[in-house]
Amino acid sequence: MSKWRSMSAPAVLITAGLVLSACSGGGSGSPTGETEIPEDALGNAATTIGECSSEPQSGGDLVYSRRSQAQDLNPLVAANGNGDIFVINQIMDQLVTSDPDGGYGLSPAVAESWEVSDDGKTYTFTIREGIKFSNGQPVTAEDVKFSLDRFADPEQNLILAIAAVGYKRSVVEDSRTVRVELDRPVAAFLYNISIFPASIVPKDLVEKQGDAFFDAPVGTGPFMVKKFTRGSGITFEKNPYYWEEGKPYLDSVKFNFAEEDNSRMLDLKSGKADMIDGVPYSQIPQVLDDDDLQLQVVEVPQFLGLWLNHQKPYMADEKVRQALQYAIDRDEINTAIYRGVGTTPNSVLPALKFDASESDVEPYPYDVEQAKKLIGESKFADGLEIELKYPAGFEDYKQLGIYLQQAWGEIGVTVELRELDPAAVADAFYAGDYDMTFPYPQFTSDVTVPDEYATLLADPDSGIDGFFSWWTDDAIWQKIEEFTLTPDEEDRAKQWPVIQQELLETSPVINVLNLPFVNAHRKGVCGSKVDALGSDQLQDTWLASDAG
Amino acid sequence: MSTYILKRLSISLFVLVALAAASFLLIHLVPGDPVRQMLGSGATPENIQNVRNRLGLNEPLFTQFYTFMGNTFTGQFGESITLRTPITELIGDRIAPSVQLILYGVFIALLIGVPLATLAALRPQGFADNLIRIATTFTFGMPTFWLGLVLALVFGLQLGIFPTSGYEPGVAGFFRTLTLPALTLGLSLVAMVVRTLRTQLLDVLDSEYIEAARARGISERRIIGIHAMRNSVMTTITVISVQIGFLIGGTVVLEYVFQIPGMGTLLIDAVTDRDFPLVATITVLTGAAVVIVSLITDLIQLALDPRVRANAS
């Protein structure tokens, strides 16, 4: 549920995009045609080519221009979404962490091992031997207990208390062992504590310094804060006590906050930045054409989530929702707007662990005749008018809105487009003042398992009204609840595809397209790995000596 | 004359109060809840209510307005909702780049505009005059974000003279990082300088005392550089001071394009986050800057120009 902000000026982005296009040579594909993304740009493969095939080298300073700025380094506040989260991840670790190589699994971090009781209600963590915070202070079991208690306290964990579902208490067994008790089995518990709010912090310093601690927090992550200038950037230096032997390789990393798409591209092309995130889709061909640059397309649980308001009779009509699904030509959207980097979803949620393959759960095909038939069978056979709200300031949403208006117009659904600034779109979403909406400019799951989004969407007691869709389905919720309470991974892997299929069939919401993160770096930046949640693994990044 | 000054001060005060009221009401009337923006959809309803209570956002709008007006005019701007930092501290950190950018931009506008206006005035309707008119109309007509990007592309990316973005403090950093944005701002203002100064120069050059100077054999260069310019430049400065609002607006866009951590980017962030107190404070302070510059210009004119003094009396 990350947010991403931009100046509400689509014309700025579109016109300025033309400026940069004019100065680039050639083009990998026509201005609106499909761009072929080479294999070496996919996932973490983008970091192992050319000069990066040798052994990692230590030293060097990396400059990274990022579209989302950091505002608050307190992991329980993280008011600016990914801008804060990906910075916090450089400074702090959790007991366990997402697989740094980009898989759906989990890896040990502050905890070197753990055991789970048979009933799935007790987790016993062994803290990594000799692990220290970046100030040299050892991590103790008390620190872990303190951090988990904070994480589970809804008074402190303002943004994601839901991730602490089932947490009862932590008990310090000895200096390196902490036992966590849950009031019920929570299958996703390890995933829930692998993300930023469960970061391990030193108890004594947080208690002593209060909020001031988070101005330059101390953690066990690969880097520590050297200088944080709000609105401009943050500079990290390597944590000399980092627990991974020989890492991080870089001496320092500087994040420049560069929200404007073209400014980031200029930073990269001019060499001012070694890496950028959020390559604008329209400028992917230019990155591919530039011999000095390397594109990196990383699959993350990000999607174009189109939310439908079931308080409206037409959105509560299953046949209408299915007709809308059938009338979307996802291949065309992907090619024309997203330069072919997206993938057709076979779920209403983003791509997550346990998802069935396309052969087991088939995506909606593009079938206008079937869509017309369904509309004819619905209560709205005479046609209907729907308003679509989407965030201003984003070239792709504008194009997508126009495309959907035209596509659904063909099946008798008149769509009125309303472009609003992101805060106004979000406000209307929370208030239920919409027919359908793309509520967030960047819509990503916080964890790699479906538990979070499925629960938000289907739990009638979540307090957020079916994730603000006002959809309810007791039968599906029972299956989801059982899924979230099943500790055994193999059982879960069998349960989820059934739920996935049922959700897709009834389509309480629509996933228009799964979208990756599109980053780029200069050649010579090696090991720029990204985990399955999109967080940069800069402890593994290094600079080849012949790189500028 | 003191009545005039008193009247002028009263108007300024009234404008500021009206501006404070308008900025407070506008940002509250625009849809978007700062607490929701800050906490996102994962927050519980209880948490949202608790934070709203803590920030006083559940108070009636009139109570919030009364508190805001009281605080603003006693200089207590409170704390930013999103950044949880005193607003005076935030503004203190961010005001320098913006002020530097405006002053540097005006300097560049004068540096380019004054010689061009002089050249144009020497041969009205000549080749140079027409060329200058076309060129300055072009730079005036270009949106600042576009012009800024083009300059960054040419001087940053192609020629590599300046960085494409960013801000560095210190004298060297000032020239390295602010030259391109200031040039953009200056170019958008230069048409105004050239047109005003050219017209003034032509008027003055046509006047009798210049004829008399010429008759006394004073060189043309001296006539223009000293006699004519002295009487023309005041109007130009007045015109620039009237443009202060335009200049501040221009810096908002330029700070965004060039990633300068100034008041403009602070304002954009505050609006995006619906950070009510921060938006209202920046708006009021910006308005105050415009009102004060305008007031000072009027007072300077009053002091220097006997015609204005006569009217005021």
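Labels below follow one simple rule: chain letters A, B, ... track the order of the sequence lines, proteins then strands, and each chain is numbered from 1. On a predicted model such as this, the values are computed, not experimentally measured, just so you know.
Using a 4.5 Å cut-off between heavy atoms, A/Asp72 contacts chain B through its side chain alone, with no backbone atom that close. Both the backbone and the side chain of B/Leu83 have a heavy atom closer than 4.5 Å to some heavy atom of chain A. When heavy atoms are compared at a cutoff of 4.5 Å, B/Ser165 approaches chain A by way of both its backbone and its side chain. Only the backbone of A/Asn157 comes within less than 4.5 Å of a heavy atom of chain B; no side-chain atom from C-beta onward does. Looking at A/Phe468, only its side chain comes within 4.5 Å of chain B, counting heavy atoms on both sides. For a residue to count as touching a neighbouring chain, one of its non-hydrogen atoms must lie under 4.5 Å from one of that chain's; by this rule A/Asn74 touches chain B with the side chain only. Using a 4.5 Å cut-off between heavy atoms, A/Ile464 contacts chain B through its side chain alone, with no backbone atom that close. Proximity to chain A (any heavy atom under 4.5 Å) is shown, for B/Asp33, by both the backbone and the side chain. For B/Val30, no part lies near chain A; criterion is any non-hydrogen pair under 4.5 Å.
The greatest number of non-hydrogen atom pairs below 4.5 Å with chain B, out of A/Ala273, A/Ala431, A/Ser270, is found for A/Ser270. Across A/Gly463, A/Ala78, A/Ala258, the residue that shares the most heavy-atom pairs under 4.5 angstrom with chain B is A/Ala258. When the candidates A/Ser65, A/Ala423, A/Gly271 are compared by the number of heavy-atom contacts under 4.5 Å with chain B, A/Ala423 comes out ahead.
Remark: B/Arg84 does not engage B/Glu79 in a salt bridge, criterion side-chain N to carboxylate O under 4.0 Å. A/Arg522 and A/Asp274 are not joined by a salt bridge, as no carboxylate oxygen comes within less than 4.0 angstrom of a charged side-chain nitrogen.
Ring planes of A/Phe429 and A/Tyr434: tilted class, angle from 30 to 60°. Relative ring orientation between A/Tyr64 and A/Phe255 is described as perpendicular, the plane-to-plane angle rising above 60° on a 0-90° scale split at 30° and 60°. B/Phe175 and B/Tyr104 have perpendicular rings, their planes meeting at more than 60° on a 0 to 90° scale where under 30° would count as parallel. In this structure, B/Phe138 and B/Trp146 have perpendicular ring planes: the angle between them is above 60°, well past the 30° mark. B/Phe65 and B/Phe62 have tilted rings, their planes meeting at an angle from 30° to 60° on a 0 to 90° scale.
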Under the ring pair (Phe, Tyr, Trp, His ring centres under 6.0 Å) criterion, do A/Trp307 and A/Phe467 qualify, and how do the steps go? CA-CA 9 Å; A/Trp307 248 233; A/Phe467 205 166; 5.3 Å; yes
